[in-house]
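Below is one structure, written out as structure tokens; the observations come after it.
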Amino acid sequence: MTAFTAPKGVPEYFPPRSRAFVDVRAHLARPAELAGYAYIELPVFEDTALYVRSVGESTDVVSKEMYTFEDRGGRSITLRPEGTAGVMRSVVENRLDKGQLPVKLWYAGPFFRAERPQHGRYRQLQQVGVEAIGSDDPALDAEVIAIGDEAFRSLGLTEYTLHLTSLGCAECRPPYRILLQSFLDGLDLDEATRERAAMNPLRVLDDKRESVQAQLTDAPLMVNHLCDACTRHYDSVREYLRIMNVAWVEAPRMVRGLDYYTRTTFEFTHHLLGAQSGIGGGGRYDGLMASVGGDDLSGIGFGLGTDRTLLACEAEGLTPGSEPHLDAFLVPIGAAAKSKLVSLSAQLRAAGVRNDLAYGDRGLKGAMKAADRSGAPLVVVVGDAEVEADVAQVKTMSTGDQVTVAWPDLITFISLAIERDLT
RNA sequence: GUGACCGUAGUUCAGCGGUAGAGCGUCGCGUUGUGGUCGCGAAUGUCGCGGGUUCGAAUCCCGUCGGUCACCCCA
């Protein structure tokens with residue numbers, strides 16, 4: 001039993017799984033880079049009011065899941081529960097929106113939500129996100145969605161579904177909301193659900209209980225009450241998605257937990273993850289910039305769950321990050337050989353050849369075992385005889401072939417061997 | 001936050017009232033300087049933590065911490 005334990009609900013990634021985590025994160029970010037999104041590094045805590053204003057006071061995230069505390073100057077600080085608000089704040093504060101639009105940004109890092117932990121639901125969670133600000137072009141909605149889809153697909157994932165809907169805008173949502181509310185008023189609901197209906201009637205639509213769902217079959221749906229502009233926008237988004245061969249499922253009852261979403265809204269869920277199946281989600285947020293004090297610019301973005309995506313890969317039997325991470329492993333026998341290989345190791349690294357050395361002066365047999373487990377395709381063995389002859393033995397692990405190479409040719413020989421293997 | 005289940009070597013788990021086991025992994029050996037297979041051997045546990053019941057607790061009870069499942073929520 002160790003004296004200290006990590007805080008409740010916090011995942012840690014250490015070898016060998018940390019390699020998979022890093023690889024997943026890289027795959028999630030790559031499609032955004034390919035589409036011209038630039039990286040933005042933001043603070044992990046912000047003024048509490050930023051989240052209350054943008055995410056929405058009535059949301060669960062703000063009302064009961066935030067890590068909020070007072071700092072030494074008496075300011076109310078909150079550990080970021082999501083990424084979009086901080087990006088908006090930074091864009092406005094640093095006037096990134098005063099140049100060419102849209103502003104396209106991506107970020108990655110930890111977020112914090114004080115929920116009851118579960119497999120895939122963590123108090124410190126990792127996300128990779130993108131935001132495209134300053135354009136309401138539906139092709140941009142489609143681009144963002146396609147980037148998310150490509151991120152998952154590039155990892156080899158297949159057991160996921162893209163859910164898509166439109167949540168309407170400031171014009172058409174309020175009247176729909178009233179319509180839905182009056183429908184829900186006529187239903188037989190328990191106290192907690194009734195309260196939710198009053199707070200956010202949309203939320204009731206995706207209640208998982210059958211007793212509730214049975215009563216909802218005739219509920220009015222937002223997609224049937226969109227204004228003309230929203231209908232055109234949504235139709236257009238879907239047309240672009242078709243052009244890009246992105247498959248989706250219409251999800252007219254989908255609800256998102258953050259209040260700022262408007263129009264296009266989407267979610268990626270994975271079938272093998274149980275209750276915490278959401279691996280990514282996002283949407284358009286046309287009033288958000290103005291609400292944090294900026295110009296009234298529209299925007300769209302998503303957050304992809306790095307932790308859950310890794311879990312999804314594991315559930316599908318995928319092994320991200322399992323490629324060998326070394327090119328060569330160096331095995332010295334005796335002090336003279338050790339000095340030569342310590343020097344060689346540094347030279348190889350400077351030449352871009354990834355390598356490790358058998359430390360601890362263990363026997364050749366044990367050192368070879370370590371070499372095998374390192375995954376390095378090449379092993380360099382040097383003992384007294386080789387030092388004497390100014391050569392090294394270079395063994396190709398996959399075939400067992402071993403050749404003697406003159407010491408001055410070694411770096412070139414190894415570099416070429418690796419290059420040949422890669423092509 | 002609500003309800004339920006679980007917590008034993010590095011790891012996966014068995015043991016379920018009489019003073020702790022297996023597979024995998026780790027390390028060593030199978031003669032002098034070569035891994036992966038095979039054979040042989042070894043090391044490692046305050047049985048999550050605290051209290052209680054008992055002659056005796058990893059085993060029963062309570063609390064606590066942590067994890068997991070569902071709800072809720074969402075990445």
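Chain identifiers are assigned alphabetically (A, B, ...) following the order of the sequence lines, protein sequences preceding nucleic acid strands; residue numbering begins at 1 within each chain.
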First of A:Gly120 and A:Val10 reached from the 5' end of RNA chain B, by closest nucleotide
A:Val10
Write down the distance separating the [atom1] atoms in [N] and [M], rounded off to the nearest Å.
N: B:A20; M: B:G36; atom1: C1'; answer: 34 Å
N: B:G35; M: B:G10; atom1: C1'; answer: 22 Å
N: B:A4; M: B:U11; atom1: C1'; answer: 27 Å
N: B:U2; M: B:C13; atom1: P; answer: 28 Å
N: B:G28; M: B:G7; atom1: C1'; answer: 33 Å
N: B:A22; M: B:U64; atom1: C1'; answer: 31 Å
N: B:A58; M: B:U8; atom1: P; answer: 15 Å
N: B:A42; M: B:U59; atom1: C1'; answer: 30 Å

When you check the gap from the basic side-chain N to the acidic O, do [X] and [Y] get nearer than 4.0 Å?
X: A:Arg17; Y: A:Glu12; result: no
X: A:Lys338; Y: A:Asp361; result: yes
X: A:Asp190; Y: A:Arg209; result: yes
X: A:Glu33; Y: A:Arg30; result: no

Proximity to the side chain of [X] - top-ranked nucleotide from [options]:
X: A:Arg116; options: B:G36, B:C72, B:U2; value: B:U2
X: A:Pro117; options: B:G35, B:G67, B:G28; value: B:G67
X: A:Met368; options: B:G36, B:U34, B:U26; value: B:U34
X: A:Met397; options: B:G35, B:C27, B:U2; value: B:G35
X: A:Glu115; options: B:C72, B:C71, B:A75; value: B:A75

Counting only N and O atoms by type, is there a donor-acceptor contact under 3.5 Å from the side chain of A:Gln181 to the main-chain atoms of A:Ala197?
yes
Salt bridge (charged side-chain N to carboxylate O under 4.0 Å, His left out) partner of A:Asp327, the single match among A:Arg420, A:Arg349, A:Arg354:
A:Arg354
Considering Watson-Crick and G-U wobble pairs with both distances under 3.5 Å, what does [N] pair with?
N: B:U59; result: none
N: B:C24; result: B:G10
N: B:U64; result: B:G48

What does [X] touch in the nucleic acid at a heavy-atom separation under 4.0 angstrom: a base, only the sugar-phosphate, or nothing?
X: A:Asp207; value: sugar-phosphate
X: A:Tyr122; value: base
X: A:Glu386; value: base
X: A:Gly129; value: nothing
X: A:Gly363; value: nothing
X: A:Arg123; value: nothing
X: A:Ala367; value: nothing
X: A:Leu125; value: base
X: A:Lys64; value: nothing
X: A:Gln126; value: nothing
X: A:Ala275; value: base

Would you indicate whether the side-chain heavy atoms of [Y] and [X] approach each other to under 4.5 Å?
X: A:Phe266; Y: A:Phe268; result: yes
X: A:Val394; Y: A:Gln402; result: no
X: A:Glu386; Y: A:Val381; result: no

Think [X] has a side-chain N or O under 4.0 angstrom from the OP1 or OP2 of [N]?
X: A:Lys208; N: B:A70; answer: no
X: A:Lys8; N: B:G66; answer: yes
X: A:Arg113; N: B:G1; answer: no
X: A:Gln118; N: B:A70; answer: yes
X: A:Arg121; N: B:U68; answer: no

Whole-Å distance separating the [atom1] atom of [X] from the [atom2] atom of [N]:
X: A:Asp307; N: B:C73; atom1: CG; atom2: C1'; answer: 16 Å
X: A:Arg373; N: B:U37; atom1: CZ; atom2: P; answer: 10 Å
X: A:Arg203; N: B:C72; atom1: CZ; atom2: P; answer: 11 Å
X: A:Arg308; N: B:A75; atom1: CZ; atom2: P; answer: 8 Å
X: A:Leu364; N: B:U34; atom1: CG; atom2: P; answer: 6 Å
X: A:Leu311; N: B:G67; atom1: CG; atom2: P; answer: 14 Å
X: A:Leu378; N: B:U34; atom1: CG; atom2: P; answer: 20 Å
X: A:Phe4; N: B:G66; atom1: CZ; atom2: P; answer: 15 Å

May I ask you to verify whether the side chain of [X] and the base of [N] hold a donor-acceptor pair under 3.5 Å?
X: A:Gln402; N: B:U34; answer: yes
X: A:Lys365; N: B:G33; answer: no
X: A:Asp372; N: B:G35; answer: yes

Walk me through it: do A:Thr269 and A:His163 pass the test side chain to side chain contact (heavy atoms under 4.5 Å, CB included)?
CA-CA 8 Å; A:Thr269 61; A:His163 301 267; 2.9 Å; yes
What parts of residues 330-346 of chain A reach RNA chain B, counting only heavy atoms under 4.0 Å away?
A:Ile333
For A:Tyr285 and A:Tyr261, run ring-ring contact (aromatic ring centres under 6.0 Å, His included): C-alpha distance rounded to whole Å, both residues' side-chain angles, the deciding distance at 0.1 Å, then the answer.
CA-CA 5 Å; A:Tyr285 41 82; A:Tyr261 287 114; 7.0 Å; no
My understanding is that only residues two or more places apart in sequence, or in another chain, count here; which of them pass side-chain contact (heavy atoms from CB on, under 4.5 Å) with A:Asp259?
A:Ser58, A:Thr59, A:Asn200
